[in-house]
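Take a look at the structure below.
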Amino acid sequence: MKRIEPIIREIWGMLLIYGALVQLIGMWFVIDKTGFAIGLWVGVGLAFFMIWHMHLGLSKALDLDPSGAQKKSMKMYSLRLLVICAVILFMLYLKIGNIIMTFIGMFGLKPAAYLQPSLHSFLMKRAGKGR
């Protein structure tokens, strides 16, 4: 297996922090704590998958000509969407987890991606490799 890029690890780290914060804060306000937690962490897991899959798709698409890259990107997007829908339908069928929390967990992708440059700068300064 190829080595995971540092940017992916940093975004995954931010997703874990996001998930932990939502879990710690939200647990005080819900009745169904188990459904809350399952939904949240399934969503965070889907966000992990989405980041990895987007990175994989973009890496492959950059090696193709423009029309091939567009087709590859659409295939990868469709597969990602299919996996997300399948997981959500599976949760609905088995009546496990809170679907709203699944979407909130997946939404963690946004702040994680936006905060990644700040985390990267912090980590580089801390390691003594400041820009």
Worksheet item: To the nearest 0.5 Å, what is the distance between CE (Met14) and CZ (Arg9)?
Response: 15.5 Å
Practice prompt. Find out if a path of hydrophobic residues (ILVMFWY) with successive side-chain heavy-atom gaps under 4.5 Å connects Ile96 to Met27.
Written response: yes
Worksheet item: Looking at CG of Asp65 and NZ of Lys72, how far apart are the two atoms once the value is rounded to the nearest 0.5 Å?
Response: 13.0 Å
Response to the item:
Distance col, row His53:NE2 vs Ile84:CD1, nearest 0.5 angstrom, shows 10.0 Å
Discussion item. Could you go through Ile88 and Ile99, starting from their C-alpha distance and side-chain angles, then the distance that decides it, and tell me whether this counts as side-chain contact (heavy atoms from CB on, under 4.5 Å)?
Written reply: CA-CA 7 Å; Ile88 290 172; Ile99 300 301; 4.3 Å; yes
Worksheet item: Met91 and Gly39: which non-hydrogen atoms are nearest, and at how many Å?
Response: CE-CA, 4.1 Å
Item to complete: Begin with the C-alpha distance, continue with both residues' side-chain angles, and end with the deciding distance and a verdict on side-chain contact (heavy atoms from CB on, under 4.5 Å) for Tyr77 and Met54.
Response: CA-CA 8 Å; Tyr77 170 75; Met54 279 187 249; over 6 Å; no
Worksheet entry | For Gly19 against Val44, the heavy-atom pair lying closest together | CA-CG2, 4.1 Å
Worksheet item: Using links of under 4.5 Å between side-chain heavy atoms of ILVMFWY residues, direct or through other members, which residues join Leu82 in one cluster?
Response: none
Discussion item. If I take atom CZ from residue Phe107 and atom CG from residue Leu46, how far apart are they, to the nearest 0.5 angstrom?
Written reply: 15.5 Å
Worksheet item: Cluster question for you: counting only ILVMFWY and a side-chain heavy-atom cut-off of under 4.5 Å, with indirect links fine, are Leu56 and Val83 together?
Response: yes
Worksheet item: Atom CE of Met50 and atom CE of Met106: how far apart are they, to the nearest 0.5 Å?
Response: 5.5 Å
Discussion item. Heavy-atom count check: over 12 atoms from other residues, nucleotides or ligands less than 6.0 Å from Leu64 CG?
Written reply: yes
Worksheet item: With the 4.5 Å side-chain cut-off for hydrophobic clustering, are Tyr114 and Leu16 part of the same group?
Response: no
Worksheet item: Taking all atoms of both residues into account, what is the closest heavy-atom pair of Phe36 and Gly26, and its distance?
Response: CZ-CA, 3.5 Å
Discussion item. Return the CE to CG distance between Met76 and Leu58, rounded to the nearest 0.5 Å.
Written reply: 8.5 Å
Discussion item. Run Trp41 and Met101 through side-chain contact (heavy atoms from CB on, under 4.5 Å) and show every step you take.
Written reply: CA-CA 8 Å; Trp41 290 105; Met101 290 312 301; over 6 Å; no
Discussion item. Is there a path of hydrophobic side-chain contacts, each under 4.5 Å between heavy atoms, that joins Val30 and Leu40?
Written reply: yes
Discussion item. With a 4.5 Å cut-off on side-chain heavy-atom distances among I, L, V, M, F, W and Y, is there a chain of contacts connecting Ile38 to Leu92?
Written reply: yes
Practice prompt. Kindly check if the number of other-residue, nucleotide or ligand heavy atoms within 6.0 Å of NZ (Lys33) is above 12?
Written response: yes
Worksheet item: Considering all heavy atoms of both residues, which atom of Ala61 and which atom of Ser73 are nearest to each other, and what is their separation?
Response: CB-OG, 3.9 Å
Response to the item:
Minimal heavy-atom distance between Gly105 and Tyr18, with the atoms involved, is O-CE2, 4.1 Å
Worksheet item: Is it the case that more than 12 heavy atoms not belonging to Met74 sit under 6.0 Å from its CE atom?
Response: no
Discussion item. Before you tell me yes or no, could you show the steps for Leu24 and Trp28 under side-chain contact (heavy atoms from CB on, under 4.5 Å), namely the whole-Å CA-CA distance, both residues' side-chain angles and the distance that decides it to 0.1 Å?
Written reply: CA-CA 8 Å; Leu24 288 171; Trp28 294 98; 5.8 Å; no
